[in-house]
Amino acid sequence: MTASPDQGSKRGRWPTAIRTATVCAAPIIAALPFASAHADSLTLPPISIGAGIRADYTNTSSKDTTANANDFNVDDVRLYISGAATSMIKFTFNTEYTGSGSGAGSNKVEVMDAIARFEYSPQFNIWAGRFLPPSDRANLYGPFYANHWGVYRDGVQDGYANVAVGRDNGAAYWGDFGGLKVSAGLFDVPGTSAGSDKASSVILAGRVQYDFWDKETGYWLNSTYYGDKNLLAIGAAGQSADGDTSYSFDFLMEKNVPGTGVFTVESEYAKYKGLTGGGFDSSGDAVKNDGEYALVSYLFPQPTGPGKIQLLGKYAQAKTDVSSGTDPKMRTSEFDLGYIVKQFNVRGYLFYIKQNFSDTTAPDASYAGVGIQVQI
């Protein structure tokens, strides 16, 4: 959350360029003194193992401070493991680094995905465990399969309730029917609602998407395919628990014009009405907010050295509903100069992010820096 997104970012999945290692136990019984002359060999099923890291240097300038902050950050570190017990019964286990520092996870690694996957056909699949519920495209592609660097910083993307890294515990059905993709499931209400009247509820989540041009297969999604697909896709997702709802609409168009380059346009509108990862406000009410963003990018067709240059711009606006007073707004602008060496496996960015607030909730700030992503 395809390289399926797990394409996720939030969200995660095993990378498209992952190497598959088949581990076989040698007939070691034959080497033991008590072994029979006809010792059997043991062969384990294929296991895919991969890893990914996103790290950056950021210079932060805030209106309320006189000195800029300079930080080297490890944003994401993930380990991907998947395998098959049979041709139709599979398992996925992915981890995520929680960050360091007070309130940021204390430098730990947590379970991101733990999925029992029953995949009978493209049209009929059942997943159970911890994974990304049916939600917006941005949640289903995650930071490693996003088109831009500053993913999930705009207050719009990936605002659905979650227990960890956009994930929740539950079960879901999903299926591909040509250009139509559908998914639906039941999930726990995350800990943000513990002690509230929603603590005993379950979340009903669903998503429907249609690809008018090339088709996207699998559960996870991408923010871009770097020209490997020509896409015109629209999607809608919603979640509900005891009358609280959240829903979103997303759009992605990508066109590879031979000799000219790859043009991408992505947008989303989201409304989180009491069922959100934002928790509760000072009055004890669930945070409610809505917002939208638009993103455009252009990937040059000719390589410059080992990679290709990409230009990207994004603008987002998010509004939070509060119990009293004026609803604060946050506006986020992002400009990226990307260097795409091996799509999602090797890429780097020069980025600039500017955030403005309509009230004193937080000071206006800007972030400029260099980011690098590597996956194996």
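Closest approach of Lys229 to Glu254, counting heavy atoms only: O-OE2, 3.9 Å. The nearest pair of heavy atoms linking Ala146 to Arg347 is O-NH1, 2.8 Å. Considering every non-hydrogen atom in both Asn125 and Gly175, the closest pair reads ND2-CA, 4.3 Å. Heavy-atom minimum distance, Pro133 versus Gln239: CB-NE2, 3.8 Å. Listed here is the closest heavy atom pair of Asp176 and Gly218: OD2-N, 2.9 Å. Across every non-hydrogen atom of Thr260 and Pro301, the tightest pair is O-CD, 3.3 Å.
Side-chain contact between Leu252 and Thr264 is present, with heavy atoms from C-beta onward closer than 4.5 Å. Using a 4.5 Å cut-off on side-chain heavy atoms (C-beta onward), Gln310 and Asn147 make contact. Inter-residue side-chain proximity for Asn94 and Phe131 is flagged as unmet; no heavy-atom pair is nearer than 4.5 Å. Counting heavy atoms from C-beta on, the side chains of Leu311 and Leu337 come closer than 4.5 Å. Side-chain contact between Phe357 and Pro328 is absent, with no heavy-atom pair separated by less than 4.5 Å. Counting heavy atoms from C-beta on, the side chains of Met112 and Thr95 never come closer than 4.5 Å. With a 4.5 Å cut-off on side-chain heavy atoms, Pro134 and Tyr219 count as touching. Taking the side chain as every heavy atom from C-beta outward, Val262 and Lys308 never approach each other to under 4.5 Å.
Taking the six-membered ring for Trp and thresholds of 30 and 60 degrees, Trp149 and Phe351 have nearly parallel ring planes, at less than 30 degrees apart. Classification of the Phe212-Tyr210 ring pair by plane angle, with boundaries at 30° and 60°, yields perpendicular. A perpendicular orientation is assigned to the rings of Tyr160 and Tyr272, their planes being inclined by more than 60° (bins at 30° and 60°). Taking the six-membered ring where the residue is Trp, Phe344 and Tyr145 present tilted rings, their angle falling between 30° and 60°. Ring orientation note: the planes of Tyr80 and Phe144 are nearly perpendicular, at an angle over 60° on the 30°/60° scale.
In this structure, His148 NE2 and Ser223 OG are separated by 7.0 Å, a value rounded to the nearest 0.5 Å. How far CD1 of Ile234 is from CE of Met253: 13.0 Å, rounded to the nearest 0.5 Å. Of the inter-residue distances, the one linking Met88 atom CE with Ile126 atom CD1 reads 13.0 Å to the nearest 0.5 angstrom. Note that OH of Tyr293 and OH of Tyr315 are 15.0 Å apart. Values are rounded to the nearest 0.5 Å. Going from atom CG of Leu295 over to atom CG of Leu312 covers 4.5 Å, rounded to the nearest 0.5 Å. Annotation: the span from Ser183 atom OG to Arg207 atom CZ amounts to 7.0 Å, rounded to 0.5 Å.
Classification of Glu119 and Lys90 as a salt-bridged pair holds, one side-chain N sitting under 4.0 Å from a carboxylate O. Salt-bridge annotation for Asp154 and Lys314: present, with a side-chain N of the basic residue lying under 4.0 Å from a carboxylate O of the acidic one. A salt bridge is defined here as a Lys NZ or Arg NE, NH1 or NH2 lying under 4.0 Å from an Asp or Glu carboxylate O, and Glu216 with Arg137 meets this definition.
At least one donor-acceptor pair closer than 3.5 Å links the side chain of Tyr152 to the backbone N or O of Gly142.
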Open item on the list: Please determine whether side chain to side chain donor-acceptor pair (under 3.5 Å) holds for the pair Tyr141 and Glu266, giving the CA-CA distance in whole Å, both sets of side-chain angles, and the decisive distance to 0.1 Å.
Closed with: CA-CA 13 Å; Tyr141 58 61; Glu266 180 187 351; 2.8 Å; yes

- [ ] Would you sort out whether Asp336 and Leu350 count as a side chain to side chain contact (heavy atoms under 4.5 Å, CB included), showing the intermediate values?
- [x] CA-CA 6 Å; Asp336 293 347; Leu350 296 176; over 6 Å; no

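If you look at Phe251 and Tyr269, their ring centroids are not closer than 6.0 Å. Ring centers of Phe124 and Phe118: at least 6.0 Å apart, outside the cut-off.
In the model, Asn162 has no side-chain atom that pairs as donor or acceptor with a side-chain atom of Arg167 under 3.5 Å. Side chains of Asn230 and Asp214: no donor on one and acceptor on the other come within 3.5 Å. Side chain to side chain, Asn70 and Asn59 meet the donor-acceptor criterion of an N or O pair below 3.5 Å. Of the N and O atoms on the side chains of Asn107 and Tyr97, at least one donor lies less than 3.5 Å from an acceptor on the other residue. Residues Arg153 and Thr332 have side chains that never bring a donor and an acceptor to within less than 3.5 angstrom of each other.
Val346 and Val370 fall within the same hydrophobic cluster, where Ile, Leu, Val, Met, Phe, Trp and Tyr residues are linked whenever their side-chain heavy atoms come under 4.5 Å apart, directly or through other members. In the hydrophobic cluster analysis, where Ile, Leu, Val, Met, Phe, Trp and Tyr join through side-chain heavy atoms closer than 4.5 angstrom, Val163 is grouped apart from Val109. The same ILVMFWY cluster, assembled from side-chain heavy atoms under 4.5 Å apart, contains both Leu79 and Ile47. The hydrophobic clustering, which links ILVMFWY residues whose side-chain heavy atoms are closer than 4.5 Å, places Val257 and Ile309 together.
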